[in-house]
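Remarks on the structure that follows.
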Amino acid sequence: MASGSFVMLMALVTFAFVSKAMLATSLTLDVEDEDRFPVPNSEVRLTCSGHYDGILTFSGNPQTGGRVVWTKDGQRVAEWPKPAGTETPSKYELSADPPDDTMFFADLVIRSMDTTDNGVYKCRLKRGETVLGTSNGERLTVEQRPASQYPVCSVRALENERTFICESERGSPPVTLQWWKDGQPLEQSTPDDDLEDFVQARLLMADDESSRGRFECALTFRGELAGSCILDRPNVTITITSGWSIGEDLVVVCLTSGNPLVSTVDWNFTPNLHSSVTKEGPVLTINSISSRDNGTRITCEGHNAVGSNQASTVITLRPLGATVKPVTVRLEQSEIPTSVDEQAQFKCITTPVRSPPPPCVWHYNGHDVDPFNTTDRFFVEDRSEHVLSVSGVSTLDVGASVTCRIVGSYQPKAEVFLQASFQQTTKALNVKTTTQITYLKLGPSSSDTWSLSTLMGYIIGGLMCLVLVGICCWVSLKAKTLMCAKRDSKNIRENGTGAKASCTNVNDDFVVDLGVPPELSARPKMATKVVDEEESLYQDLEDVSRQRQINEYQRLISNDWAPSAPELSQK
């Protein structure tokens, strides 16, 4: 009994030793330092290596063979060897070296890295469902550079203390911010309540001389200077815009710029002015300036959070009776294009000549030309003279209006029209014969607009056409009623003398019998006259007046063939 117990105990010890030996596995996941923040669309290689005791084979048998399982944020993404019936994503490439007695190596290559690949990667060594070892985790984050407008410097009051703040996007890898003054780094603080995507560097400044001067915050990304922002004293300039004559209002403007913004502007006069002044921020107006203020120095001083700067000018009035010669403007085309797409150039010349030339505004076909726009086809030069260059001239530009206007009290201007020496007609194109039918659209083009007078003209013309058509129809109907009778019919009328006249339609020919009075009825019958429809003078007996019938009757009885009086008496 004792010997049996001893044998069982030895078996348990041996099993525990073998199991421990099989589980004595150490895994390590390695990645290059620069690959922890890979640039977009790059390739990253992860290497999993392990030390183990015992026998390990990668036979592909999921029950007895070894397997390397790759995970991202705890989720399986790939496995080697690939299990039957599964597919590995195309962006992953798996490989492994044949294991020796104590070591094995497996690689995971991720192609075309993007933000969806960000995460913590690990590798696991498994046999069947038993996990023999798990590696350390390695975080991969695709590089994200901060936007170009960062860093941003500002001055704020935090907890009643004046604070210089430098702020930027965090980026990946994270950026580094550092304040500098006079070439020396400054001691700064980083707040604990930073937003996840932003980082700040802060300076607590007392309101004394230590806070005066030029402060610069430098942004470093991946060991290189990527940008900076500056807090400095303001830039100050002074200019007199109008009022150089005695009795006029003299307007002086103090122009300031810089970061931080100017908070106040102070004015000083040496000696003091005799005229009254009006101050509105950076604008000073000296009311009705007198000759006693001539030669006075005006100084404006701008203040901001890190210091102040000043600028000055001297009042120089024109003597009484002095006149200013007006500026005249002449515009000429200095370059005439000889072919399409060449350049045309214009010069705006002022008289008298001034250096520097007075400001000038250009217009092309009524539209302003922006001198600071480098993307259009206009180029403005104003250093020594006013020049406008127009590139890519086409036939559509010929005759375009070009105007230059001098900015002054009365703003003189001049205008010319673009000229070109190239042929403005286009050659006929060789058109191949096709069966396509082209329909012409009548009337004005879509770009033309109907004026009121044109529209009324068309309406009146249309009404007149309708009236003419109606008159023609009425005349046609009336002409048909003018025929004396229907075909093969006879129409008889009796006049005041008792004579009976008739009109007979025989086969579309009209036979007219004017008749004779009763007292002459004994006379021989007069011959009838066949009158063609086109030759008949009277087609409607209703419209023939009695006077016309009497006149015709008198003409007929006076003919030579009429019987003489003796013959009538014999009868």
Side-chain angles (χ1 to χ4, degrees), residues 33-34 36-37 118 139 141-238 253-268 279-284 299-312:
D33 290 339
E34 60 271 16
R36 288 187 171 87
F37 297 96
N118 293 348
R139 177 177 292 277
T141 305
V142 174
E143 177 188 274
Q144 182 179 358
R145 301 181 67 89
S148 59
Q149 68 264 28
Y150 292 104
V152 176
C153 295
S154 59
V155 179
R156 305 178 194 174
L158 299 179
E159 299 179 357
N160 297 325
E161 293 187 2
R162 189 167 62 166
T163 305
F164 295 176
I165 298 178
C166 180
E167 186 177 41
S168 172
E169 291 179 337
R170 182 177 297 275
S172 61
V175 301
T176 301
L177 301 177
Q178 179 61 54
W179 280 103
W180 296 76
K181 182 183 180 183
D182 299 330
Q184 299 296 324
L186 301 178
E187 185 177 350
Q188 61 190 26
S189 63
T190 301
D192 297 332
D193 57 348
D194 269 358
L195 297 176
E196 180 180 356
D197 296 331
F198 288 86
V199 61
Q200 288 184 351
R202 298 180 179 179
L203 287 177
L204 299 178
M205 304 300 297
D207 190 8
D208 53 23
E209 286 302 319
S210 64
S211 64
R212 306 292 187 262
R214 177 186 174 92
F215 295 82
E216 181 176 3
C217 176
L219 183 150
T220 304
F221 181 73
R222 285 199 149 178
E224 297 181 357
L225 180 64
S228 64
C229 58
I230 296 174
L231 296 177
D232 198 1
R233 302 180 184 91
N235 298 318
V236 181
T237 57
I238 190 171
V253 180
C254 186
L255 303 175
T256 60
S257 61
N259 183 32
L261 298 176
V262 171
S263 56
T264 59
V265 173
D266 295 331
W267 295 93
N268 297 300
K279 300 178 182 178
E280 295 182 1
V283 180
L284 171 72
T299 303
C300 72
E301 185 174 11
H303 303 267
N304 65 11
V306 295
S308 62
N309 259 334
Q310 63 182 19
S312 63

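When a residue number appears, it is its place in the shown sequence, counting from 1.
- The shortest non-hydrogen separation linking Ser210 to Lys181 is O-NZ, 3.0 Å.
- Distance alone, capped at 3.5 Å, is enough to place a donor-acceptor pair between the Asn259 side chain and the Cys153 backbone.
- Contact of the Ile238 side chain with the Trp267 side chain is registered, since non-hydrogen atoms from C-beta on lie closer than 4.5 Å.
- Listed here is the closest heavy atom pair of Arg222 and Glu34: NH2-O, 3.7 Å.
- When every heavy atom of Asp232 is checked against every heavy atom of Arg214, the shortest pair comes out as OD2-NH1, 3.5 Å.
- Atom CG of residue Asp207 and atom CZ of residue Arg212 lie 5.0 Å apart, to the nearest 0.5 angstrom.
- Of all heavy-atom pairs spanning Pro151 and Cys166, the tightest one is CB-SG, 3.7 Å.
- Val155 approaches Ala305 most closely through the heavy-atom pair CG1-CB, 4.0 Å.
- Of the N and O atoms on the side chains of Thr299 and Gln310, not one donor lies less than 3.5 Å from an acceptor on the other residue.
- Shown are Arg162, Glu161, Gln188; of these, the side chain to side chain contact (heavy atoms under 4.5 Å, CB included) with Leu204 is made only by Glu161.
- Under the rule for a side-chain hydrogen bond (donor to acceptor under 3.5 Å, both in side chains), Asp182 has no partner lying at least two apart in sequence or in another chain.
- With sequence neighbours excluded, the residues that form a side chain to side chain contact (heavy atoms under 4.5 Å, CB included) with Ser172 are Phe37, Thr141, Gln144.
- In this structure, CG on Leu177 lies 10.0 Å from CZ on Arg170, to the nearest 0.5 angstrom.
- In this structure, Phe215 and Trp179 have perpendicular ring planes: the angle between them is above 60°, well past the 30° mark.
- Within 6.0 Å of CD in Gln149 there are more than 12 heavy atoms belonging to other residues, nucleotides or ligands.
- The main-chain N or O of Val236 is never found under 3.5 Å from a side-chain atom of Asn309 such that the two would form a donor-acceptor pair.
- Listed for the Glu216 side chain is no donor-acceptor partner under 3.5 Å among the backbone atoms of Ser228.
- Atoms CG and CD1, on Leu158 and Ile165 in that order, are 4.5 Å from each other to the nearest 0.5 Å.
- Of the two cysteines examined, Cys217 and Cys229, the SG atoms fail the criterion of being under 2.5 Å apart.
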